[in-house]
Amino acid sequence: MKILVTGGAGFIGSAVVRLAVSRGHEVVNVDALTYAACLENVASVSENPLYAFEHADICDRAAMDRILVAHKPDAVMHLAAESHVDRSIDGPGAFIQTNITGTYILLEAARAYWEGAGKPEGFRFHHISTDEVFGSLEAEGQFTEDTPYAPNSPYSASKAASDHLVRAWAETYGLPVVMTNCSNNYGPYHFPEKLVPVVILKALAGEAIPVYGTGENVRDWLYVEDHADALLCVLEKGVLNRSYNVGGENEATNLDLVKMICGVLDQRRPSNAPHADLISFVADRPGHDLRYAIDPTRIRTELNWRPSVTVEEGIAKTVDWYLDNQDWWSALQNRDGVGARLGTKS
């Protein structure tokens, strides 16, 4: 299969690219190379004859038309997105442009390509989204694919809008789509503005580890390589016009996760232990959702998929990767916003 992956130089996208190439798929990586993208993320496959790279923005319709016609993919996996909630609070415009307008432009380009090719039955447009579109849960309950949308941040609202566009293009124009909504990802190549890499790098530097509010916000943690596996599973076996929630089956409070990371670092860098002494509670993010949790019944029963890595195993693997790859994250320290507190506007 030839797969066009948008955002393939980003965190999740690059995991998809690496896994797809390793399984013998041809991959066309389309990325605008914005602040969070790194071509180093796909360096391991960059010389593989199955891999091609196109430097382009999904908001550029002419570029999308050209790339689709030139490469003739069997499927599009749409991961390109602005994804940092804190940045969406400070500057929502970029999220509206990329996540909503960009998805619309890509859908129209994919539709034109699909129709121009005679509407091949095997074509798929796989839209990758987030569980944050469902809003916030209390202490009980889980998100299912039928949970009503209730986004609470500019980021999640923009992703909710993109989900609705994809559904509309399937219903109105017959575009063959599959959709996924995932829980919080973590793992190798995670850009150092999200919680897990921030904690690791702050702890290694001996700096205060910021924890929002009381740290009681709960997330379901999904190892990124498990997520990539799930996405390829849905692409290959998912039912058309159907959505699948992808979770890690690993709920933890932010504070417990931070302490878990500190515990691994205590083992790996005992001279600086206990790293948990660096934890510092800071003012909460505006509109911070209390809890996310995924009910994975559909993907487990229909597609026989479930995660392979526990959060304890995944955190240990992630810490080890950051310890072994200082050159990668050191090169990113001067990028816009890295290391700064964002999302304080309200």
Side-chain angles (χ1 to χ4, degrees), residues 1-8 10 12-31 50-52 54 56 58 61 63-81 99 102-130 133 145 159 161-182 226-246 296 298-305:
M1 182 186 301
K2 179 181 278 192
I3 308 168
L4 188 150
V5 177
T6 70
I12 301 173
S14 65
V16 171
V17 168
R18 295 189 303 270
L19 183 61
V21 170
S22 75
R23 291 181 176 176
H25 297 295
E26 294 182 74
V27 174
V28 182
N29 177 4
V30 177
D31 202 295
L50 296 175
Y51 174 81
E54 291 277 2
I58 59 170
R61 174 62 190 273
M64 294 303 102
D65 287 338
R66 175 187 63 78
I67 290 166
L68 284 162
V69 170
H71 290 280
K72 298 179 174 57
D74 303 303
V76 173
M77 298 184 73
H78 178 33
L79 294 107
N99 299 353
T103 298
Y104 155 69
I105 290 170
L106 186 64
L107 282 166
E108 281 292 84
R111 179 166 74 96
Y113 164 71
W114 173 65
E115 291 175 347
K119 298 184 177 181
E121 285 189 10
F123 182 77
R124 297 288 183 272
F125 186 103
H126 182 181
H127 177 62
I128 291 87
S129 189
T130 171
V133 300
E145 290 79 2
K159 288 299 290 185
S162 70
D163 292 7
H164 294 321
L165 288 173
V166 173
R167 285 182 171 86
W169 259 244
E171 183 67 24
T172 302
Y173 303 110
L175 187 69
V177 309
V178 288
M179 296 162 283
T180 48
N181 295 80
C182 69
D226 272 344
H227 187 199
D229 180 57
L231 294 180
L232 289 175
C233 176
V234 171
L235 181 69
E236 295 165 1
K237 300 193 297 183
V239 177
L240 276 183
N241 303 330
R242 197 150 171 80
S243 65
Y244 296 87
N245 283 353
V246 184
R298 177 176 291 179
I299 193 169
R300 182 193 299 164
T301 57
E302 292 187 8
L303 306 184
N304 196 31
W305 185 90

Taking all non-hydrogen atoms of both residues into account, name the closest pair between Gly174 and Trp114 and its distance. O-CH2, 3.2 Å
Quick one: CG on Asp226 to SG on Cys233, what's the gap to the nearest 0.5 Å? 11.5 Å
Mind listing the closest non-hydrogen atom pair of Ala20 and Val27 along with its distance? CB-CG2, 3.6 Å
Residue pair Asn181, Asp163: steps toward the side chain to side chain contact (heavy atoms under 4.5 Å, CB included) verdict: CA-CA 9 Å; Asn181 295 80; Asp163 292 7; 3.1 Å; yes
Tell me, do Tyr244 and Glu302 make a side-chain contact under 4.5 Å, heavy atoms counted? yes
Once you round to the nearest 0.5 Å, how far does CG of Leu106 lie from NE2 of His127? 10.0 Å
Least distance between heavy atoms, Ser243 atom then Glu145 atom: O-CG, 3.3 Å
Is there side-chain contact between Val234 and His126, with at least one heavy-atom pair below 4.5 Å? yes
Indicate the atoms forming the closest heavy-atom contact of Met1 with Ala75, along with that distance. SD-CB, 4.2 Å
With side chain to side chain contact (heavy atoms under 4.5 Å, CB included) as the criterion, how do Val177 and Arg167 come out once you've worked through the C-alpha distance, each side chain's angles and the decisive distance to 0.1 Å? CA-CA 8 Å; Val177 309; Arg167 285 182 171 86; over 6 Å; no
Check: Arg18/Ser22 side-chain N/O donor and acceptor closer than 3.5 Å: no
First locate atom CG of Leu175, then atom CD of Glu115, and finally report the distance between them rounded to the nearest 0.5 Å. 8.5 Å
Under a 4.5 Å cut-off applied to non-hydrogen side-chain atoms, are Arg61 and Glu108 in contact? yes
Close side-chain approach of Asp229 to Arg23, heavy-atom, < 4.5 Å: yes
Aromatic ring pairing Tyr104/Trp169, orientation class (parallel under 30°, perpendicular over 60°, tilted between): perpendicular
Tell me if a side-chain donor or acceptor on Lys2 pairs with a main-chain N or O of Lys72 at a distance below 3.5 Å. no
Take Asp74 and Ile3, measure what side chain to side chain contact (heavy atoms under 4.5 Å, CB included) needs, and give me the verdict at the end. CA-CA 6 Å; Asp74 303 303; Ile3 308 168; over 6 Å; no
Residue pair Met77, Leu235: steps toward the side chain to side chain contact (heavy atoms under 4.5 Å, CB included) verdict: CA-CA 8 Å; Met77 298 184 73; Leu235 181 69; 3.8 Å; yes
Is the backbone N or O of Leu79 less than 3.5 Å from a side-chain atom of Thr6, with the two atoms forming a donor-acceptor pair by type? yes
Decide yes or no for Leu303 and Glu236: does some side-chain heavy atom of the first lie under 4.5 Å from some side-chain heavy atom of the second? no
Pairwise side-chain contact, Met64 with Ile58, heavy-atom cut-off 4.5 Å (strictly under): yes
Residue pair Leu68 / Pro73, side-chain heavy-atom distance below 4.5 Å: yes
Quick one: closest heavy-atom pair of Ala109 and Asp65, and the distance? CB-OD1, 3.4 Å
To the closest 0.5 Å, what do you measure between CG (Asn29) and OG (Ser14)? 8.5 Å
I want to check something: taking the side chain as every heavy atom from C-beta on, are Ile128 and Val16 in contact at a cut-off of under 4.5 Å? no
Distance from Ile67 atom CD1 to Tyr113 atom OH, nearest 0.5 Å? 12.5 Å
Distance in Å, Lys237 NZ paired with Ile299 CD1, rounded so as to fall on 0.5 Å steps: 9.0 Å
Check Ala56 against Ala63 and note the closest heavy-atom contact, atom names and distance. CB-CB, 4.1 Å
